[in-house]
Amino acid sequence: MTSSLKVLRTYAKLSDPSLTALPPTVYFSHTKHTLTIFDAYPKALFHFLVLPRLSADESDLTDLRTLLRQHASGPGAGATLRVLADEAARLRGVVEEEMRARYGFAWDVWVGFHAVPSMEHLHLHVISSDLTAPALKTKRHYNSFSPRAGFFVPLAEVRTWFDDAAAAKVPRLAPEEYEPRLKYALECFRCEQPAKNMPALKKHLQDEFDALRKREGKSKKHRREAEDESASGTAKGKGKKVARLS
DNA sequence: GTTCTAGAAC
DNA sequence: GTTCTAGAAC
């Protein structure tokens with residue numbers, strides 16, 4: 001049996017990653033160099049993983065540290081990071097479109113890596129900033145995505161490490177430095193309010209998102225109606241389903 | 001990564 | 001008595 005911790009690598013090695021090879025609960029899309037899947041345990045309303053595909057002649061790509069090592073010895077890693085960034089940017093646009101179609105407004109979408117991932121094979125998280133999904137259950141889950149904890153490394157930051165003459169800035173990504181961040185005290189990433197436990201934090205996050213939705217949904221709806229008055233006849237896109245309902 | 005569950009916290 | 005966390009097992 002394939003270990004669940006290594007399943008991403010088996011996906012990355014598929015010569016034809018599509019609905020013929022992967023179930024619809026896993027597969028979202030692919031390009032020549034990337035594969036995008038639904039996170040099996042989404043921690044937000046929208047949560048995808050973008051993987052670099054591995055061709056037979058390519059070397060291993062376990063995680064971000066592997067990529068940084070490759071970067072130190074040649075140009076290949078920069079190309080990998082670029083195709084991931086391109087695909088993530090495209091996916092973010094698709095997600096935002098779906099947010100508007102379903103919720104009437106678009107909220108932040110975070111794109112980045114876990115400093116110390118649990119699953120083997122490099123994977124870029126593309127996750128909406130609500131953090132309100134049922135699979136977000138533990139302090140570790142929360143801190144691994146909270147922008148305040150510093151365990152989640154934004155793609156934009158990684159790309160600065162790949163700039164010329166940035167070698168001195170590249171971190172070691174040592175587990176002993178990052179894993180303690182997963183144990184940080186619970187506090188809301190928006191307002192810093194402390195939470196006494198996970199159920200309390202989850203309730204707060206849901207309240208925060210509901211309030212945002214009420215504010216943004218209303219103002220965007222009014223703006224859209226105003227636009228419709230001046231430019232009528234715009235087709236209403238139905239929007240491809242991009243996240244499973246649970 | 002998740003599941004299970006013992007014992008801490010309430 | 002019930003809720004919640006966190007470490008072992010997978």
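Hydrogens, waters and symmetry mates play no part in the numbers below; they use all other heavy atoms, side chains included. Numbered from 1 within each chain, the chains take letters A, B, ... in sequence-line order.
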Undergrad: Using a cut-off of 4.0 Å on non-hydrogen atoms, how would the nucleic acid contact of A:His123 be classed: base, sugar-phosphate, or nothing?
TA: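 Counting heavy atoms under 4.0 Å across all strands, no contact is made by A:His123.
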Undergrad: Whole angstrom is fine here: how far is it from CG in A:Asn143 over to C1' in C:dT5?
TA: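 Value for this atom pair: 14 Å.
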Undergrad: Roughly, in whole Å, what's the span from CG in A:Asn197 to P in B:dA9?
TA: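 After rounding, the gap between these two atoms is 13 Å.
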Undergrad: Report the nucleotide, chosen from C:dG7, C:dA6, B:dG1, that has the shortest atom-to-atom distance to any side-chain atom of A:Lys139.
TA: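 Side chain of A:Lys139 sits closest to C:dA6.
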Undergrad: Can you identify which nucleotide, out of B:dT3, C:dT5, B:dG1, has its nearest atom closest to the A:Arg140 side chain?
TA: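 Of the options given, the side chain of A:Arg140 lies nearest B:dG1.
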Undergrad: To the nearest Å, how far apart are A:Lys196 NZ and B:dC10 P?
TA: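 A:Lys196 atom NZ is separated from B:dC10 atom P by 10 Å.
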Undergrad: For A:Ala21 and A:Asp16, which heavy atoms make the closest approach, and how far apart are they?
TA: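 Distance-wise, the nearest heavy atoms are CB-O, 3.4 Å.
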Undergrad: A:Met198 has a side chain; which of B:dT2, C:dT5, B:dG1 sits nearest to it?
TA: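 Taking heavy atoms from C-beta onward, the closest nucleotide is C:dT5.
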Undergrad: Identify which nucleotide among C:dT5, B:dG1, B:dT3 has an atom closest to any side-chain atom of A:Lys43, counting heavy atoms from C-beta outward.
TA: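 Selected nucleotide (nearest to the side chain): B:dG1.
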Undergrad: When you get a sec, tell me which of C:dG7, B:dT2, C:dT5 is the closest nucleotide to the side chain of A:Pro199?
TA: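 Taking heavy atoms from C-beta onward, the closest nucleotide is C:dT5.
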Undergrad: What integer distance in Å separates A:Glu120:CD from B:dT2:C1'?
TA: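 Rounded to whole Å, this separation is 16 Å.
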Undergrad: Could you check which of C:dC4, C:dG7, B:dG1 has an atom nearest any side-chain atom of A:Lys183?
TA: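 Taking heavy atoms from C-beta onward, the closest nucleotide is C:dG7.
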Undergrad: Among residues at least two apart in sequence or on other chains, which ones pass ring-ring contact (aromatic ring centres under 6.0 Å, His included) with A:His125?
TA: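 Testing A:His125 for ring-ring contact (aromatic ring centres under 6.0 Å, His included), a comparison that skips the adjacent residues, returns A:His47, A:His114, A:His123, A:Phe145.
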Undergrad: Regarding A:Glu97 and A:Arg100, does a basic nitrogen lie under 4.0 Å from an acidic carboxylate oxygen?
TA: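 Not counted as a salt bridge, because no side-chain N and carboxylate O are separated by less than 4.0 Å.
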Undergrad: Measure the distance from NZ on A:Lys137 to P on B:dC4 and round it to the nearest whole Å.
TA: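 From A:Lys137 NZ to B:dC4 P: 10 Å.
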Undergrad: Please give, in whole Å, the distance from B:dT2 P to A:Tyr41 OH?
TA: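 For the pair A:Tyr41 OH and B:dT2 P, the rounded distance is 7 Å.
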Undergrad: What is the separation between atom CZ on A:Arg9 and atom P on B:dG1, rounded to the nearest whole Å?
TA: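 These atoms are roughly 16 Å apart.
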Undergrad: Can you give the donor-acceptor pairs under 3.5 Å from side chains of residues 175-192 of chain A to other protein atoms, not counting sequence neighbours?
TA:
{"from": "A:Arg181", "atom 1": "NH1", "to": "A:Ala149", "atom 2": "O", "distance (Å)": "3.1"}
{"from": "A:Arg190", "atom 1": "NH2", "to": "A:Ser129", "atom 2": "O", "distance (Å)": "3.3"}

Undergrad: Is there a donor-acceptor contact under 3.5 Å linking the side chains of A:Asp63 and A:Thr66?
TA: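 Side-chain D/A pair, A:Asp63 to A:Thr66: present.
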Undergrad: Atom OH of A:Tyr11 and atom P of B:dG1: how far apart are they, to the nearest Å?
TA: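 Going from OH in A:Tyr11 over to P in B:dG1 covers 16 Å.
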Undergrad: Picking from B:dG1, B:dT2, C:dT5, which would you name as closest to the side chain of A:His141?
TA: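 For the A:His141 side chain, the nearest candidate turns out to be B:dT2.
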